[in-house]
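Here's the structure we're looking at; comments come further down.
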Amino acid sequence: PPAPLRMIQYHLFHRDPLGGYLPIEITLDTLLLPTTALQLAAWRPGRYELQNFAQRVRRLRAFDEAGDELAVHKTTKDRWEVATAGARTLTVRYEYHARQLDAGGSWLDEEQLYVNPVNCCLAVVGREHEPCGLHLHVPGGWRVACALPQPHDDPHERHANGGYDELADSPFIASPTLQHEVFDVEGHRFHVWVQGGGALDFHRLKADFRAFTAEQLEMFGGFPRAAYHYLVQLLPTRFYHGVEHTTSTVLALGPAELLPTWSLYKELLGVACHELFHVWNVKLIRPAELQPYDYTREQYFRTGYVAEGLTTYYGDYLLCRAGVFTLEQYLTELNGVVRKHFDDDGWRHTSVAESSVDVWLDGYRPGAPDRKVSIYHKGCLAALLLDLEIRRLHDHQRSLDDVMRALWQHFGQTGRGYTAADYRRVVEEVATTPLDWYFNEVLDGLTPLEKLLDRVLGTVGLHLHTEENSSAAESRWGLRLGTQAVLPEVLAVAANSPAARALSIGDELVAVNGRKVENGNLPGLLLVATETVELTVFRNKQLRTATLTATGEAYFRRLSIEPDPDASPAEVARRRLWLRQ
């Protein structure tokens, strides 16, 4: 076939912002082929579940160079074929409902046009390698935050010379109210773009971002890109979300007015450090199963404990190592992970490796109670355990950093994908000893982590502290209740607890020992009950009674990592080596 006359062009229009439908137009040379196939992604990197973006597409039509309409046949839920016989050029027009304002969606309103192209830009099948042009038809005074290069003087035009994958991996925000700051680390330019309300201390932010960025660049021996862009969406509601890209990230947080407070500012620091680490770990050091991305189907992999677990660990740990977090602040964040892991009994039933496969099934939603474990939370604790174990074996002369550098050298820099076996080989080469117990019990097994964690934490003057839950409902009866509904609702029951023998998730609590539950009296009613308690509940809209008999055991224990007051000077010294403090 003849060579293409010009690159594939994508035009996105800021029109009818109240309606939420984003007009998109694609123009390309047909290469005189009889048909042209167009494919929309069914998922996006960074969230390994089918999202079926095509459900938001409306009125897809195609035209030749004369403006005559061509026949379009939809062959799958997200693939279209256009009869292009006789046409030299093809123009495809459609609308995408851009009303998902998070770090991985797209949004159109009066104030901005924010797009993750993987959501809505159709790929031309078989021509994904060809360069793409991106044209944003927005008001003249609007600024554009995007990592793609600007080829001409037009600030609303960008080129994805690497083809469709680069286009899909390059989100943008176009808005008249974008704030923009830059900072440099080791000759690399880092951009911070902020959309939305909220006061932001850019002087403090740039100092903190520069600190954790320098820590990451030192760890890997440089940065694989000339520049990097943080696209920050500040939202009016409570929110926390980040999505990684090779040369940028989108961070969505709220409520914006809390940004001057530590409670939200630390979340911005944590997610920013996490997503920057993904530039190496996932975007370049990539599981073999994701090489290359296939946006049409699931790509199952068992190493979520590397892709997300290690990144979750390093996201907060490097903030402490860079001096942005104090030890106390770091332990606060780490203990949030500890509580989330141990508060759910999924670890008793599914390994973190198997749960990595299951992220495609329900890994981002609560799902069936106690069925799976989080690759983020258990993966983080498994990484902490491995880091301290390697440090223990080599008196802090080796660490998980060496594992990451080896993965970067052998896989990230070569473009090869790694397997679970590759990861094990690299870890054991760094540790210089077989670690069967770690891979068989921690990653592929169901062994509880408490004793293993406590052992390695002790080497750096920390310990896993356990205390009884102050809630009688949770500690004595194994009953976790939600208070958002009119009647307190059973959200969870502890395994083998009195509640597990008598109650079901979803039961609505009406009375305790015949006394109506009202005006916040529930904690007191459950606290005074001793050996037995009779609960009146609605179950499936039917009134029932359930009797709970105490076992003397404590449930929903509170676990946290704390400094050991009896730590030796040597252990404290090793903690300083670990945290570089």
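Scanning both residues, T419 and T303, for their nearest heavy atoms gives C-CG2, 4.4 Å. Nearest heavy-atom pair across M7 and P131 is CB-O, 3.3 Å. Closest approach of N161 to P149, counting heavy atoms only: ND2-CG, 4.4 Å. Residue G304 comes nearest to S356 through the heavy atom pair N-OG, 2.8 Å, listed as atom of the first residue, atom of the second, then distance. Across all their heavy atoms, P151 and E157 have their closest contact at CD-O, 3.6 Å. Of all non-hydrogen atoms in R158 and L148, the two that sit nearest each other are CD-O, 2.9 Å.
Although no hydrogens or angles enter the test, the distance criterion places no donor-acceptor pair under 3.5 Å between the side chain of K266 and the main chain of E333. A donor-acceptor contact shorter than 3.5 Å links the side chain of W43 to the backbone of R297. At least one donor-acceptor pair closer than 3.5 Å links the side chain of Q55 to the backbone N or O of Q51. T350 contributes a side-chain N or O that, together with a main-chain N or O of R371, makes up a donor-acceptor pair within less than 3.5 Å. Looking at K372, its side chain does come within 3.5 Å of a backbone N or O of P366 through a donor-acceptor pair. For Q112 (side chain) and W107 (main-chain N/O), no donor-acceptor pair under 3.5 Å exists by modelled atom type. Without hydrogens or angle criteria, T30 side chain to A87 main chain gives a donor-acceptor distance under 3.5 Å. A side-chain donor-acceptor contact under 3.5 Å links Q216 to the backbone of C273. The closest donor-acceptor contact from the side chain of Q39 to the backbone of D78 lies under 3.5 Å. Between the side chain of R127 and the backbone N or O of A123, no donor-acceptor pair lies under 3.5 Å.
The side-chain heavy atoms of W142 and L178, taken from C-beta on, include no pair separated by under 4.5 Å. The shortest side-chain heavy-atom distance between C380 and L334 falls under the 4.5 Å cut-off. Under the 4.5 Å side-chain criterion, counting only non-hydrogen atoms from C-beta, F209 is not in contact with F190. Residues Y48 and Y364 have side chains in contact (heavy-atom distance under 4.5 Å, counting atoms from C-beta outward). For the pair H73/R79, no side-chain contact is recorded, criterion being any heavy-atom separation below 4.5 Å from C-beta on. Contact annotation: the side chain of L231 never approaches that of T249 to less than 4.5 Å [non-hydrogen atoms, C-beta and beyond]. In this structure the side chain of E130 never reaches within 4.5 angstrom of the side chain of V124, judged on heavy atoms. In this structure the side chain of S248 never reaches within 4.5 angstrom of the side chain of Y230, judged on heavy atoms.
Rounding to the nearest 0.5 Å places OG of S175 at 8.5 Å from CD of Q233. Between H229 atom NE2 and C146 atom SG the span is 7.5 Å, to the nearest 0.5 Å. The distance from the NE2 atom of H188 to the CG atom of L217 is 5.5 Å, given to the nearest 0.5 Å. Going from atom CG of L50 over to atom OG1 of T296 covers 9.5 Å, rounded to the nearest 0.5 Å. Summarising the geometry, atom NE2 belonging to H241 is positioned 13.5 Å from atom CD belonging to E267; distances are rounded to the nearest 0.5 Å. Atom CG of residue L269 and atom CG of residue L205 lie 7.0 Å apart, to the nearest 0.5 angstrom.
A cation-pi arrangement is absent between R225 and Y228 under the rule of less than 6.0 angstrom and at most 45 degrees off the ring axis. Judged by the 6.0 Å and 45° rule, R286 forms a cation-pi pair with Y293.
Under the 30°/60° scheme for interplanar angles, the aromatic rings of H274 and H278 are found to stand perpendicular. In this structure, Y10 and Y164 have tilted ring planes: the angle between them lies in the 30° to 60° band.
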Donor-acceptor contacts, no H, no angles, side chain residues 16-28, under 3.5 Å, sequence neighbours left out:
from: D16; atom 1: OD1; to: G19; atom 2: N; distance (Å): 3.4
from: E25; atom 1: OE1; to: R93; atom 2: NE; distance (Å): 2.8

Show which side-chain atoms of residues 114-121 pair as donor or acceptor with protein atoms under 3.5 Å away, not counting sequence neighbours.
from: Y114; atom 1: OH; to: D102; atom 2: O; distance (Å): 2.7
from: Y114; atom 1: OH; to: A103; atom 2: O; distance (Å): 3.2
from: Y114; atom 1: OH; to: N116; atom 2: ND2; distance (Å): 3.0
from: N116; atom 1: ND2; to: G105; atom 2: O; distance (Å): 2.7
from: N119; atom 1: OD1; to: S106; atom 2: N; distance (Å): 3.3
from: N119; atom 1: OD1; to: S106; atom 2: OG; distance (Å): 2.8
from: N119; atom 1: ND2; to: G104; atom 2: O; distance (Å): 3.2

task: Evaluate the side chain to side chain donor-acceptor pair (under 3.5 Å) criterion for residues Y265 and D208: first the C-alpha distance (whole Å), next the side-chain angles of each, then the deciding distance (0.1 Å), finally the verdict.
output: CA-CA 11 Å; Y265 180 65; D208 290 338; 2.6 Å; yes

query: Does the side chain to side chain contact (heavy atoms under 4.5 Å, CB included) test come out yes or no for F172 and L134, once each step is laid out?
result: CA-CA 11 Å; F172 67 82; L134 176 65; 4.0 Å; yes

field: Evaluation steps, side chain to side chain contact (heavy atoms under 4.5 Å, CB included), between L310 and Y423
entry: CA-CA 12 Å; L310 266 65; Y423 178 65; 3.7 Å; yes

message: I'd like to know whether Y317 forms a side chain to side chain contact (heavy atoms under 4.5 Å, CB included) with L384, so could you lay out the CA-CA distance, the side-chain angles of the two residues, the decisive distance to 0.1 Å, and finally the verdict.
response: CA-CA 9 Å; Y317 167 51; L384 168 66; over 6 Å; no

task: Report the C-alpha distance between E49 and V359 in whole Å, list the side-chain angles of each, state the deciding distance to 0.1 Å, and finish with yes or no for side chain to side chain contact (heavy atoms under 4.5 Å, CB included).
output: CA-CA 6 Å; E49 68 173 349; V359 292; over 6 Å; no

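Remark: K283 does not engage E244 in a salt bridge, criterion side-chain N to carboxylate O under 4.0 Å.
With respect to Y314, the ring pair (Phe, Tyr, Trp, His ring centres under 6.0 Å) criterion is satisfied by exactly one of W280, F277, F212: F277.
There is no side-chain donor-acceptor pair under 3.5 Å between H341 and W347.
Within 6.0 Å of the NZ atom in K77, the count of heavy atoms belonging to other residues, nucleotides or ligands exceeds 12. Under a cut-off of 6.0 angstrom, the local environment of NE2 in H203 is sparse, with at most 12 non-hydrogen atoms contributed by other residues, nucleotides or ligands.
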